[in-house]
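Reviewing the structure listed below.
All values below were derived from every heavy atom in this structure, side-chain atoms included, with hydrogens, water molecules and symmetry-related copies excluded. Since this is a predicted model, take the numbers as computed values, not measurements. Below, read A as the first sequence line, B as the second, and so on, with proteins coming before strands; counting in each chain starts at 1.
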Amino acid sequence: MPPSKRRRLSRSGEFDRVYRDGSSHATRYLVLYTFPRRDEEREEVRLGVSVSRKVGGAVDRNKVKRTLREAFWSLSDRLPDKHDFVIVARSDIGGLIEKEGTAGVTKSLEEAMDASFGGGRST
RNA sequence: GAAGCGAGCCGAGCGGACGCGGAGCGGAGAGAAAUCCGCUUCGAGGAAAGUCCGGACACCAAAGGGCAGGGCGGUGGGUAACGCCCACCCGGCGAAAGCCGCGGGAAAGUGCCGCAGAAAAGAUACGGCCGAUGGCGCGGCCACACGUGAGUCGCGUACAGGCAAAGGUGAAAUGGUGCGGUAAGAGCGCACCGGCGUCGUGGUGACACGGCGGCCAGGCAAACCCCGCCCGGUGCAAGGCCAAGCAGGACCGUCGACCCGGCUCGGCGAGGUCCAGGUAGGUCGCAGGUGCGCUUCGGCGCCCCGAAGGGCUUCGGCCCGACGAGAUAGAUGUCCGCUCGCGACAGGAUCCGGCUUACAGGCUCGCUGUCGGA
RNA sequence: CGGGGAGUGGCGCAGUCUGGUAGCGCACUCGGCUGGGGGCCGAGCGGUCGCAGGUUCAAAUCCUGUCUCCCCGA
């Protein structure tokens, strides 16, 4: 299992590349963008999270980000190498976390992943 | 006791596992970089919030004068400063403790006061009231020259004149109520109340109390304005350093451009504007300081007390003590066990002092006496 | 993080500076012209002026607080 530290997107250009050239799949609670990187040596998976002010205040938004990251890296077995991902939270996700916690977010994220690149990890 | 009022404080705790951000140490690798591993340690709030004020700090050459512009507004203190705080005064509310108030000037000027109403700011006209005085008319008495008036009385008229109470409008009508007074009336006179001026006393002062005078003065300044005090602009995306990268051209300018927020005086002194092209990375700023707590000393204020003295609050000084967040797509959770009242509002982004707004529940101290009990 | 702007019928806007009547266009309803539709003409319906306090006799307008939305700045 790869460690989860600091595998983050941090530049505006990196986000723009994923939005523009990647593919997207949405559920009621989130949108998952997927972008396969080419021509780079690094094989790691990276994640960016976007939570707008519609979701809530600073406390709520930090909590959504934490929960999304935790759910994402708990599914790291399924992730293909050399890909960048961006998860955009939709405004209903606050209620989901309050009712079902991390498990509900993980389920919603799995739905999006199924639609994006199918079942289990491809060798 | 219930209710109410004021001030201050807390705002989940403990243990375990897995994680997150910073710093330090050790290790892997080759030696200091990058990366990875292990250990230690630190890691959000009373409002961190809204960004409404005030400062620190930084740059604009220095941060200069005048005008314009903006802010504040009872008095006296406090403060680095404030639009903040404290005490007091005045006005309003409450039975009280207390609470609330952008609370200077309307006899410097300008402006506004819709509808209604006679009238909305010099009050005057309008509609009215009066019949004391004069005039006119009629009648009685009186006089005589017998149809006149120069006298007198009564009635009428409203011509001269007197009056400003009543005018059921309005948010507001040149003071209110009562008595006297008069032809009718009127602060015309008197009593009480309200307002103004002046003098005296008390107070640092805002003001308060008392005496006297006289009835002259509508409201709005969160309308312009006047008076007093204060204010240069921009904001850490300020700004300094380093690295990477590109391509130049046109015009203006030391005969003084650009700039100093606007105008002007004055000043600075070499670059500026536009088009095209390139890059939007790192690091410093970035945290121990006008801040907090305790004791003591001193000062302002308020309260208790016969006095000596004491209590509260606030500011300043000395000593002592505590306090290690500094991120940069941006760190505090998840799961399990236990306790209780089952946990609200909500998280740094340069820092500090205030204000305002949001908030489950709880604690401490002081006060009031509409209600109940003894 | 800092700086600015806007909330008025269903929609887009005036009115706010200078306080007393909330107005315009489109849309909607009814009637007329037409064989019918469109179009034109006439009449009508519809607004807590984002919210809460304050000043004033009187507030969409002036003042304070608060909520929402939008724009700009390395």
What is the pairing partner of [N], taking Watson-Crick or G-U wobble pairs with both distances under 3.5 Å in any strand?
N       : value
B:rC196 : B:rG213
B:rC84  : B:rG78
B:rG103 : B:rC89
B:rA344 : none
B:rA322 : none
B:rG228 : B:rC72
B:rU41  : B:rG22
B:rG8   : B:rC363

When the distance from [atom1] of [X] to [atom2] of [N] is rounded to whole Å, what number comes out?
X     : N       : atom1 : atom2 : answer
A:L47 : B:rG19  : CG    : C1'   : 16 Å
A:W73 : B:rC18  : CH2   : C1'   : 17 Å
A:I87 : B:rA329 : CD1   : C1'   : 14 Å
A:E14 : B:rA280 : CD    : P     : 12 Å
A:R8  : B:rG19  : CZ    : P     : 15 Å
A:L68 : B:rC20  : CG    : C1'   : 15 Å
A:R61 : B:rG330 : CZ    : P     : 12 Å
A:D84 : B:rA329 : CG    : C1'   : 13 Å

Using a 90° cut-off around 0 for syn, call [N] syn or anti.
N       : value
B:rU332 : anti
B:rG202 : anti
B:rG187 : syn
B:rA44  : syn
B:rG46  : syn

Of all the heavy-atom pairs spanning [X] and [Y], show the shortest one and how long it is.
X     : Y     : result
A:R90 : A:A26 : NH1-CB, 4.0 Å
A:P36 : A:H83 : CB-NE2, 3.4 Å
A:V64 : A:A89 : CG1-CB, 3.9 Å
A:V51 : A:R61 : O-NH1, 3.4 Å

Taking only the [atom1] atom of each, what is the distance from [N] to [M] in whole angstrom?
N       : M       : atom1 : value
B:rC355 : B:rC84  : P     : 9 Å
B:rC100 : B:rG128 : C1'   : 50 Å
B:rG281 : C:rG4   : C1'   : 30 Å
B:rG94  : B:rA87  : C1'   : 23 Å
B:rC93  : B:rA374 : P     : 38 Å
B:rC190 : B:rC130 : P     : 29 Å
B:rG278 : B:rA247 : C1'   : 9 Å
B:rC155 : B:rA121 : C1'   : 46 Å

Report the distance from atom [atom1] of [X] to atom [atom2] of [Y], rounding to the nearest 0.5 Å.
X      : Y     : atom1 : atom2 : value
A:M113 : A:T34 : CE    : OG1   : 8.0 Å
A:L30  : A:L68 : CG    : CG    : 6.5 Å
A:R17  : A:F35 : CZ    : CZ    : 4.5 Å

From CA spacing to verdict: side chain to side chain contact (heavy atoms under 4.5 Å, CB included), A:R8, A:R69: CA-CA 10 Å; A:R8 298 182 184 175; A:R69 287 205 190 93; 3.6 Å; yes

Sidechain N-carboxylate O distance under 4.0 Å for A:R53, A:D60: no

Within the 6.0 Å centroid threshold, strictly below: A:F85 and A:Y33: no

Consecutive-pair stems (3 or more, Watson-Crick or G-U, under 3.5 Å) for RNA chain C: C:1-7 with C:67-73, C:10-13 with C:23-26, C:28-33 with C:39-44, C:50-54 with C:62-66

Cut-off 3.5 Å, no hydrogens considered: what does the side-chain donor-acceptor table look like for residues 91-110 of chain A, sequence neighbours left out?
from, atom 1, to, atom 2, distance (Å)
A:D92, OD2, A:R28, NE, 3.4
A:T106, OG1, A:T102, O, 2.9
A:S108, OG, A:T27, OG1, 2.7

Nucleotide nearest A:N62 (side chain, heavy atoms from C-beta), chosen from B:rA329, B:rA331, B:rG330: B:rA331

Proximal nucleotide (of B:rG330, B:rG347, B:rA329) relative to the A:V59 side chain: B:rG347

Side chain proximity check, A:H25 to A:V31, heavy atoms < 4.5 angstrom: no

Phosphate OP1/OP2 of B:rU328 contacted by A:R11 side-chain N/O (<4.0 Å): no

Could you list the protein-to-nucleotides 333-337 of chain B atom pairs, N/O on both sides, closer than 3.5 Å?
from, atom 1, to, atom 2, distance (Å)
B:rU334, OP1, A:K63, NZ, 3.2

